[in-house]
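Just so it is clear, the values below take in all heavy atoms, side chains as well, and ignore hydrogens, waters and symmetry mates. Numbering of ligands and ligand atoms starts at 1, following listing order.
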Amino acid sequence: MNPSTILRRFIFSMIFVAGAATAADKPNILILATGGTIAGSADSQTQAGYTSGQVGVDILINAVPQIKEIANISGEQVANVGSQDMSDAIWLELAERVNTLLGQSKVDGIVITHGTDTIEETGYFLNLVVNSGKPVVLTAAMRPSTALSADGPLNIYNAVAVAADKNAANRGVLVVVNDDIHGARSIVKTNATDVQTFKSPEYGLMGVSLYGQHRWFRTPFRLNTKSSAFSVKGVDKLPRVDVLYVTADMSTDLIDAAVANGAKGIVTAGVGNGNMTGAALKAVAAAVKKGVVVVRATRVPSGSVGRNVEVNDDEIGTVVAGELSPAKARVLLKLALLKTSDAAKIQRLFDTY
Ligand code: ASP
């Protein structure tokens, strides 16, 4: 072998060793894609209409090559739906996949791409049923991948950076959008179209992420992930829970219909402090007598529904949701009903999670 070939091989092997060492130093982050506007596409960069869940996980990853400088990345497609079509079946599959992957020592964190419409429900569900302290970070976008100034790529970049950050561990499931890091329990979508739509009205942000640099503000104060007693291992169906919207002079037919159609639980999106008309309260009391668990939440975007304020929960047998939105109260009630249908025990779960 001539000296120049030996030198070339030596240089190549040094590059290989250096490259391998860099890869070994980086955390391994898996991106699980479920669809949403972040994977949406439209015919032009400026039109409002588009279809969610069109683009696959590889295209999402390749649109942000910079994430490979932060972590070793691989991707899996779990679903490709607009999150208005998110279902119990996809939740159960996602929970199973996340728990399996996080149980592997080579996996350091998970990013889940999702639609913005129901990201807060999926995030809270995973917050209750993932049993690992490793980072699980959901992200989304308000603009489709084909739009002018699409917000997806930077959101993915920040989400990967958060998942790769050791300080993200043991903070429950997180949602990273528009430079903000939210806790899954607190996040609420507050605007139907704005890019800055997500807020954490009761407890504030978990932190902020600016081009992958993070400032952390708080930790969760309710049980979650590793400390959660909920599990969906081996569960193939969740109980039916309906959310009913309360208005002035509402008809009570929907309460009776939910019971007649097999709901095991009802969440009322009440007015004010979880209130409802006298007639609705009577229908609720009848539902409770039939063994249906009724949780009083509020349609007001923030604040907490308290026990026995204007409604005598002790007498009727209702549960109160505290600060949980009706959609999140529905998630917790579905999981609680896997354990018990005793209202007092379910109230304790609502006070703890
Ligand atoms: N409908 C879309 C979804 O939730 C909206 C979005 O992602 O922004 O999938």
*asked:* Just to be sure I read this right, does ligand 1 sit under 4.0 Å from the backbone of A141, its side chain, both, or neither, counting only heavy atoms?
replied: backbone
_Using the rule given for salt bridge (charged side-chain N to carboxylate O under 4.0 Å, His left out), can you reason through K199 versus D180, listing the C-alpha separation, both sets of side-chain angles and the distance that settles it, and then say yes or no?_
CA-CA 9 Å; K199 302 262 160 67; D180 290 338; over 6 Å; no
Could you tell me which atoms of ligand 1, counted from 1 in the order shown, lie closer than 4.0 angstrom to a heavy atom of [X]?
X    : value
G82  : 9 (O)
D117 : 1 (N), 2 (C), 3 (C), 4 (O), 5 (C)
Q84  : 1 (N), 2 (C), 3 (C), 4 (O), 9 (O)
S52  : 1 (N), 2 (C), 9 (O)

Do any nitrogen or oxygen atoms of [X] lie less than 3.5 angstrom from nitrogen or oxygen atoms of ligand 1?
X    : value
Y50  : no
T118 : no
H114 : no

*Rounded to the nearest 0.5 Å, how far does OH of Y124 lie from CH2 of W91?*
11.5 Å
Among all protein heavy atoms in this structure, tell me which lies nearest to [atom], with the distance rounded to 0.1 Å.
atom                   : answer
atom 4 (O) of ligand 1 : S83 OG, 2.5 Å
atom 5 (C) of ligand 1 : T37 OG1, 3.0 Å
atom 8 (O) of ligand 1 : T116 OG1, 2.5 Å

*Pair K166 + D108, salt bridge at N-O below 4.0 Å*: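 Judged by the 4.0 Å cut-off on N to carboxylate O distance, K166 and D108 do not form a salt bridge.
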*Does CG belonging to N261 count more than 12 external heavy atoms closer than 6.0 Å?*
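Check passes, neighbour count above 12.
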*asked:* For E323, I'd like to know if atom CD has over 12 heavy atoms of other residues, nucleotides or ligands within 6.0 Å.
replied: yes
*Between the side chains of S186 and R218, does any donor sit under 3.5 Å from an acceptor?*
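The answer is yes; a qualifying pair exists.
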_I need the single residue from T118, D117, T197 that forms a side-chain hydrogen bond (donor to acceptor under 3.5 Å, both in side chains) with K189. Which is it?_
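Only one of T118, D117, T197 forms a side-chain hydrogen bond (donor to acceptor under 3.5 Å, both in side chains) with K189, namely D117.
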*asked:* Does the residue A140 have a heavy-atom contact with ligand 1, meaning some pair of atoms that are separated by less than 4.0 Å?
replied: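 Distance cut 4.0 Å: A140 fails for ligand 1.
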*When the ring planes of H182 and F198 are compared, do they come out parallel, tilted or perpendicular, using 30° and 60° as the limits?*
perpendicular
